[in-house]
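Okay, structure first, notes after.
Note that this is a predicted model, so its numbers are computed, not measured. Order of the sequence lines sets the chain letters (A, B, ...), proteins ahead of strands, with each chain counted from 1.
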There are 2 protein chains.
Amino acid sequence: MPRVRISDVAAAAGVSISTVSLVMNDRDARIPLETQERVRAAAAATGYTPNSVARGLRMQTTRTIGLVSDTIATTPYAGRMLAGAQDVAREHGHLVILVDTGDDAEVERDAIRALADHQIDALIYACMWHRVVDAPDHLPARTVFLDCRPVGGGHPAVVPDDRAGGATAVRELVAAGHRRIAFVDVDEPNAPIASALRLEGYMEALREAGIEPDPELHVYGATTTAKGGRSATDLLLDLPESRRPTALFCFNDRMAAGAYVAARHRGLEIPRDLSIIGFDDQQLVAAELDPPLTTVALPHYEMGRWATEVALGVRTPDDPGAVHLMECPIIRRDSVSPPPAAGRDPGRRRT
Amino acid sequence: MPRVRISDVAAAAGVSISTVSLVMNDRDARIPLETQERVRAAAAATGYTPNSVARGLRMQTTRTIGLVSDTIATTPYAGRMLAGAQDVAREHGHLVILVDTGDDAEVERDAIRALADHQIDALIYACMWHRVVDAPDHLPARTVFLDCRPVGGGHPAVVPDDRAGGATAVRELVAAGHRRIAFVDVDEPNAPIASALRLEGYMEALREAGIEPDPELHVYGATTTAKGGRSATDLLLDLPESRRPTALFCFNDRMAAGAYVAARHRGLEIPRDLSIIGFDDQQLVAAELDPPLTTVALPHYEMGRWATEVALGVRTPDDPGAVHLMECPIIRRDSVSPPPAAGRDPGRRRT
DNA sequence: TGAATCCGCTCAATCGTTTTAGCAACCACG
DNA sequence: CGTGGTTGCTAAAACGATTGAGCGGATTCA
């Protein structure tokens with residue numbers, strides 16, 4: 001059976017189409033309550049709900065927002081951004097049209113055009129991880145960048161405060177009493193921008209604590225995977241005992257997982273013999289590690305909310321030109337403890 | 001600046017709106033090439049692309065599909081289903097409007113209505129994991145179920161073939177020479193339907209191999225997490241040596257990860273002393289485990305494709321009433337080997 | 001008493017397309 | 001020269017809503 005239209009309601013209520021529209025959107029206070037009741041009753045009886053396409057054409061607003069991303073929806077990393085975006089959209093009666101481009105520029109261009117053709121009210125341009133992007137030319141006026149930042153600026157953007165997050169992580173280790181703190185970094189040809197930022201935070205926190213950074217303690221893995229973390233950690237643990245770190249700040253949780261296996265292979269117990277802190281708070285790895293990993297969370301949900309709120313115009317950035325930095329909170333689990341007492345054998349063998 | 005409309009193109013080309021529409025959709029062969037060229041040139045010059053909302057109103061098809069799910073997009077488990085759905089949608093010029101309901105029935109109802117109001121061409125009702133669902137009443141005619149199946153039937157549905165997948169896993173272990181194969185199951189109050197199905201497959205493969213199922217080897221964890229897997233595995237490894245299994249088929253990869261830690265705590269080496277096979281092929285866990293886990297993959301991507309293809313009408317199910325079962329392929333990594341030679345000490349200590 | 005205001009509603013235009021019916025000019029044919 | 005068919009295009013009616021202008025009657029006010 002076909003959808004019921006406003007004309008059906010009008011017929012049922014014995015009034016004109018205009019009247020139905022007026023009462024449904026209560027746009028005209030002059031219509032007496034009795035008539036209003038009649039119209040509402042007819043609408044309810046027929047099960048009428050307005051056709052959003054027709055309304056979209058007339059009103060020039062579709063109550064939809066587009067969200068293009070490289071691979072957010074289809075990879076397990078940043079889904080919480082979507083949750084934030086969707087929640088805000090729902091709260092304001094909007095729907096979100098999602099396109100994952102798989103990082104293909106042509107797909108992306110086509111997608112943005114298709115979205116514009118569909119008259120989306122706003123566009124969110126999102127990345128899976130913090131990047132600075134060379135954004136396409138013809139973006140809608142209402143575009144906001146999520147977890148990335150356009151080279152030229154010109155649109156609101158929100159990214160995690162990786163620098164501050166790095167500092168937070170290192171401060172946590174300092175507070176536990178560590179002085180020899182390593183940074184397990186990544187050495188990819190195009191390392192993520194977060195790498196440099198977290199390093200800055202690391203340096204900052206060391207400086208704050210009056211610790212002289214030891215270049216020897218800044219090591220690199222080839223990739224951001226467990227494998228990369230493991231090989232980098234091996235470098236550290238190969239150091240003579242006195243120069244070895246007592247704590248590791250790993251670029252991310254996966255690398256931290258690799259650090260766990262490197263430590264375990266030498267019979268080191270975490271956190272007794274070695275404290276480890278990660279970054280990202282990836283549930284599947286951080287929470288499942290043994291012991292569960294203390295880490296700094298990427299505020300994906302909050303960033304998704306922020307971006308959508310400004311896209312919808314319900315929030316205005318303090319400084320519309322600037323990139324909004326979102327705080328990365330620390331998630332305390334069980335991989336950090338005070339360093340082994342100086343001079344004590346860190347324990348070659350498990351009991 | 002406002003969008004360019006078809007009337008702008010018509011003016012630029014010096015023809016009527018009808019003509020422009022006709023050539024853009026090449027709907028009338030009678031228009032001479034010369035005029036066609038002129039129109040196309042004008043369209044290109046002005047940068048015209050048709051307004052999909054207006055077209056949607058006129059054509060009664062919006063070239064969008066709705067995808068409602070419990071929490072697919074926002075959790076790291078089943079994102080590949082989205083990838084499959086999106087790829088098919090894109091291949092056919094469609095956009096997908098995504099709503100994660102967070103399993104809230106009211107949100108779900110509202111979302112389905114909102115999608116219907118937006119005149120989606122088809123609806124995909126998806127779940128994060130294989131379930132049989134009590135689907136809402138007023139679903140669009142074109143609805144297909146993805147990774148779940150409506151109690152009453154009535155719509156096409158696709159789910160993984162968990163039974164066959166379970167059999168595949170166990171056959172792999174049998175082929176490696178194992179005879180004492182345990183099933184590390186889950187004992188949640190409402191255990192996933194996949195649990196019973198994979199058990200069936202387990203039984204089937206044992207029977208096939210002429211192995212008498214040993215009830216002692218069917219153990220339960222409290223949850224589908226690593227913790228659950230670990231405690232269930234402990235039960236198995238507490239068994240006297242002669243009754244202990246040489247291989248574990250774990251309900252999923254996370255439980256398999258738990259089995260790894262249980263084994264490691266007893267100094268058992270995988271796969272030398274104990275073979276382990278998982279289910280789901282969750283990248284973040286299966287591939288990162290040490291050694292990488294052999295597992296049976298959930299065909300998320302293919303299911304997403306299938307569902308979307310039938311939703312779009314480009315594929316017709318062989319039996320439209322039946323639930324389509326999608327094959328679960330085995331992913332061989334390094335956690336399965338032949339059992340330790342009979343009588344040999346399985347090795348209490350690492351070398 | 002005449003003008004102004006209010007009441008309760010409806011008319012008709014509009015949003016930007018697609019598509020059917022058909023007009024005017026021309027040609028061919030008997 | 002009338003008829004019929006083609007060619008090249010256009011007018012106008014949808015699609016389903018929203019909304020400003022307006023209409024006829026009753027009431028109020030000067």
Taking the side chain as C-beta and beyond, is there a heavy-atom pair between D161(B) and M326(B) under 4.5 Å? no

Between C1' of dA14(D) and CG of L57(A), the distance in whole Å: 13 Å

With a 4.0 Å cut-off, would you call E108(B) and R113(B) a salt bridge? no

Atom pair distance, as rounded to whole Å: CG in L33(B) and P in dC9(D): 11 Å

Quick one: sort the F145(A) and Y125(A) rings into parallel, tilted or perpendicular, breaks at 30° and 60°. tilted

If you measure from the Lys or Arg side-chain nitrogens to the Asp or Glu carboxylate oxygens, is any gap between D117(A) and R55(B) under 4.0 Å? no

Short heteroatom pairs, N/O only, protein and nucleotides 10-12 of chain C, under 3.5 Å:
| residue | atom | partner | partner atom | Å |
| --- | --- | --- | --- | --- |
| dT10(C) | OP1 | S16(A) | N | 3.4 |
| dT10(C) | OP2 | S16(A) | N | 2.7 |
| dT10(C) | OP2 | S16(A) | OG | 2.8 |
| dT10(C) | OP2 | T19(A) | OG1 | 2.5 |
| dC11(C) | N4 | S18(A) | OG | 2.5 |
| dA12(C) | N6 | S18(A) | OG | 3.3 |

Between CD of Q60(B) and P of dT17(C) the distance, given in whole Å, is 17 Å

Decide yes or no for P160(A) and M303(A): does some side-chain heavy atom of the first lie under 4.5 Å from some side-chain heavy atom of the second? yes

Interatomic distance where CZ belongs to R5(B) and C1' belongs to dC15(C) [whole Å]: 10 Å

Where the side chain of Y48(A) is defined as all heavy atoms beyond and including C-beta, which of dT17(C), dA17(D), dT19(C) is the nearest nucleotide? dA17(D)

P50(A) vs R38(B), nearer the 5' end of DNA chain D by closest nucleotide: R38(B)

Quick one: D8(A) CG to dA17(D) P, roughly how many Å, whole number? 8 Å

Would you say R27(B)'s side chain and L22(B)'s backbone share a donor-acceptor pair under 3.5 angstrom? no

Rounded interatomic separation in angstrom, taking CZ from R27(A) and P from dG20(D): 8 Å

Grab the CZ-P distance between R55(B) and dA17(D) for me, whole Å please. 21 Å

Given 3.5 Å as the limit, does a donor-acceptor pair link the side chain of R315(B) with the main chain of V310(B), or not? no

Mind checking T35(B) for me? I need base, sugar-phosphate or nothing, with any heavy atom below 4.0 Å counting as a touch. sugar-phosphate

Interatomic distance where CD belongs to Q36(B) and P belongs to dT7(D) [whole Å]: 14 Å

